[in-house]
Amino acid sequence: MMKRLLHISALVFATLMMTACPNVNPDGPDGPDAPVTPDESWRNQASKTKLSGITYQLNVYSFADSDGDGWGDIRGVTQHLDYLDSIGATALWLSPIHDAMSYHGYNVNDYYSVSPKLGTEADLKDLISKAKAKDIGIYLDFVLNHSGKDNGWFKQAIADPSGRYGSYYVFEDKPGEYITGGMGSWCSTSSGSTGYKGLLHFSLDVSNPSQPQLTVTQATGSAQGGNTDTSVKWFIYDNNANRMYKTGNSTFEITLNIDNEWGVLVKDDATQWGDHKWGARANDKLVEFGKPKTLVKGDAANDLIFGGSSAQYWASFDASMPDLYYGPCDKASESETFKDLAAAADKWIGMGVEGLRLDAVIWIYQNNTAANVSFLKQWYDRCNSTWKAKGGKGDFYMVAEAWCDNAEKMAPYYEGMPSNFNFYYWYTLKDRIGKGKGDDFANTLVYFQNQFRKYRSDFIDAIFLTNHDEDRAASDLGRDMAKEKLAAAVLLTSPGKPFVYQGEELGYWGTKSKGDEYVRTPIKWTKGGSVPSAALNGKVDNAMLSAEISVEAQEQDNASLMRVYRNFAKARNGWKALAQGEIEPINSPNSAVALWKMSYEGQTVLVAHNFGGGSAAFAVAGYKVDKMIVSNGLADGSTGLLSLGPYSSAVFLQ
């Protein structure tokens, strides 16, 4: 048999034999009409149905625009199902589709609705139906840690803190119970008028420097200008720092015309903040005219207000995203907050949604792992019960973003969830590609699995390169196309459930240094067409979105990155060992080469990847390299030796 040294543009054979043409090799190196040689009849073992579990993550607002308004929409996704099918997707993870405050949708206004910018419920039903016809399920992004500040629940909670919705959020009466560390801050909110319009007289007594007292009275006459005596270090701040007048050994006064919506602060420096800011305690912000108010400083100081009501609420991310409150973790499912959100989830599951991606789950109980796990188990059991009650097959799929410092800290989340994102997979892969070292990669994957297995025997390892919150994989790899192709091949031959992020298959690059929008870039479908960029406010790297990077161009180029994704997805979909097999590391005679086998229901494949920039050739004792399923780069096994060019990959049937 003639030795074949294959480049990606001449990938070995389609993984799925065409039943109508059993003697034809549709994608083989010899062309579309090359007959199948007798020793390649083994290819008929390939599955005719999708096995891969590949999920494609897409930002609905920037994926595809069906109506020309510049916003990506649900109909745009439906129009490109053939494309998503061609890259092997068995599920789509949609960015939040609910009505929300911002383009990205993570500050939800209404969990029961579809954002009008993205479409209608009818559009979503149509997508679910048409995707299912292609064996593609739909997963929704669901935000349980926080809602949007404009959510009706939050507005009602502020208007009536003692009412039903007052229990939905983390207000200042709950810090000891709920805020245990991590990130976030207290934010102010109010109802009614909290500022003032009119003439006020301010008298400050600093006889006790650590507890100064401010007395405010309504005044008549004229306002004073700020004092010019720079020896005085006390100011009333009302959008400007107004220096007070010294009227006694420890008293300072000034009369000002106040006209703002938020109130005032006291400062002991005109320009500095921090510990130079003085104000009211969190639960005592309202000023009673003529009554002295003791002030506190620094982070404890809040605006002094003159009417209405005010409250402090906790926000793990920013003020537009107030954290939701579920009460004691062991009884979270009994809270009204949980029940309302679960009812919303029931609606979407009833519509045909097959999975949920849960955002920022480690902050639900502020990085308290045990509490979070308890909550998540209750949440998953509720949704899985709904799924089964509607006749869903198997268990409902749910994956959590439990973004911890390392795999060991994330692993306990498997007690609550069947699947968690493995951030440490990509951290390891990019490190090893950067070092040109592959011989310990398979052992590291086994290490991760062993950590997860401690907490759940049937864990589903959600592996991926990067997502909408991270710098792009192409940027991490220095925009080196050979390395990008290697990363794609490794991802799609690793054990677990692979997630591919929008544009990753096209080689998109970008970092968050100028904003998250630059890693949420629209898809460029045609060489000369426009992209749905309205949601991103022009924060798009148009220089990257050239004709060459478009879907149209890459479909015409057999050596494109997209072709690597397509071909390895076909292989994963076609060979059950590759899609569902247990991994077993193989000792590699070359430090740059990663070797492992995958076995499932009597089928075994050998997986080989060269992480280095040089060629490698060696025998793999006990393994055959004559039945190549798929390859990337320069790969050959026809002589009995396994030969891999730089950053090349190959999979062989055993």
Side-chain angles (χ1 to χ4, degrees), residues 56-80 83-84 87 89 92-107 115-119 141 317-318 320 359 426 464-481 484 487-488 499-557 560-562 565:
Y56 188 89
Q57 178 196 353
L58 61 86
N59 302 312
V60 179
Y61 53 80
S62 66
F63 182 71
D65 175 15
S66 70
D67 57 12
D69 66 354
W71 274 77
D73 48 45
I74 294 170
R75 287 185 181 182
V77 179
T78 306
Q79 290 173 354
H80 289 87
Y83 171 78
L84 295 162
I87 57 175
L92 307 180
W93 156 20
L94 309 183
S95 61
I97 62 165
H98 308 114
D99 184 42
M101 293 176 62
S102 61
Y103 80 90
H104 53 65
Y106 286 99
N107 34 24
S115 169
K117 286 185 175 294
L118 303 179
D141 209 319
F317 294 94
D318 65 49
S320 75
D359 182 64
W426 172 239
F464 66 105
L465 303 186
T466 58
N467 65 25
H468 64 291
D469 284 327
E470 300 176 283
D471 290 350
R472 287 278 190 174
S475 294
D476 284 348
L477 296 174
R479 291 168 55 182
D480 185 318
M481 185 54 69
E484 291 175 47
F499 282 69
V500 176
Y501 177 43
Q502 171 178 314
E504 199 165 68
E505 77 281 13
L506 302 172
Y508 280 12
W509 61 84
T511 69
K512 293 167 49 118
S513 59
K514 294 182 180 179
D516 290 343
E517 293 89 344
Y518 288 95
V519 298
R520 301 170 182 179
T521 306
I523 293 290
K524 187 171 180 63
W525 292 101
T526 61
K527 293 178 181 179
S530 61
V531 298
S533 60
L536 303 176
N537 282 324
K539 293 183 178 181
V540 175
D541 184 356
N542 290 305
M544 180 188 72
L545 293 177
S546 63
E548 292 73 25
I549 209 168
S550 68
V551 172
E552 179 185 5
Q554 295 203 38
E555 283 182 333
Q556 296 168 356
D557 180 6
S560 69
L561 177 61
M562 187 184 71
Y565 275 91

Decide yes or no on side-chain hydrogen bond (donor to acceptor under 3.5 Å, both in side chains) for Gln554 and Tyr565, but give the supporting numbers first. CA-CA 11 Å; Gln554 295 203 38; Tyr565 275 91; over 6 Å; no
Start with the C-alpha gap between Arg75 and Asp67, add the side-chain angles, then the distance that decides, and say whether side chain to side chain contact (heavy atoms under 4.5 Å, CB included) holds. CA-CA 9 Å; Arg75 287 185 181 182; Asp67 57 12; over 6 Å; no
Worked check of side chain to side chain contact (heavy atoms under 4.5 Å, CB included) between Lys539 and Lys514: CA-CA 8 Å; Lys539 293 183 178 181; Lys514 294 182 180 179; over 6 Å; no
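Side-chain contact annotation: Trp71 with Asp65, donor-acceptor N/O pair under 3.5 Å absent. In summary, the side chains of Tyr56 and Glu504 do not present any donor paired with an acceptor at a separation below 3.5 Å, with no hydrogens or angles considered. For Ser62 and Glu517, the side-chain atoms include no donor-acceptor pair closer than 3.5 Å. Looking at Ser546 and Glu548, their side chains do bring a donor and an acceptor atom within 3.5 Å of each other. Side chains of Ser102 and Asn107: a donor on one and an acceptor on the other come within 3.5 Å.
Taking the side chain to side chain donor-acceptor pair (under 3.5 Å) definition, one finds that Asp69 meets it with nothing, sequence neighbours left out.
Ring to ring, Phe464 and Trp93 are not that close: their centroids are 6.0 angstrom or more apart.
Taking each heavy atom of Leu118 and Ile97 in turn, the nearest pair found is CD1-CA, 3.7 Å. When all heavy atoms of Asp141 and His98 are compared, the closest pair comes out as O-CE1, 4.0 Å. Of all heavy-atom pairs between Gly510 and Ser475, the closest is N-OG, 2.8 Å. When every heavy atom of Asn59 is checked against every heavy atom of Gln502, the shortest pair comes out as N-OE1, 2.8 Å. Contact record, Trp525 with Val551: O-CB, 3.6 Å, taken as the closest heavy-atom pair. Considering all non-hydrogen atoms of both residues, Ala547 and Ala553 come closest at O-CB, 3.3 Å.
Side-chain contact check for Val519 versus His468: every heavy-atom pair is 4.5 Å or farther apart. Residues Ile523 and Leu506 form a side-chain contact, since some pair of their non-hydrogen atoms from C-beta on lies under 4.5 Å apart. Between Leu561 and Met481, some side-chain heavy-atom pair lies under the 4.5 Å cut-off. The shortest distance between side-chain heavy atoms of Val500 and Ile87 does not fall below 4.5 Å. Taking the side chain as every heavy atom from C-beta outward, Thr466 and Phe499 never approach each other to under 4.5 Å. Within the 4.5 Å cutoff, side-chain heavy atoms of Tyr508 are placed close to those of Met544. You'll find the side chain of Asn467 stays beyond 4.5 Å of the side chain of Trp426, heavy atoms only.
Ring orientation note: the planes of Tyr103 and Tyr61 are nearly perpendicular, at an angle over 60° on the 30°/60° scale.
The CG atom of Leu465 lies 9.5 Å from the CG atom of Asp476; values are rounded to the nearest 0.5 Å.
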Enumerate donor-acceptor pairs with a distance under 3.5 Å from any side-chain N or O in residues 527-538 to protein atoms, sequence neighbours excluded.
from   : atom 1 : to     : atom 2 : distance (Å)
Lys527 : NZ     : Gln556 : OE1    : 3.0

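Note that Arg472 lies outside the cation-pi zone of Trp509, set by a 6.0 Å cut-off to the ring centre and a 45° limit from the axis.
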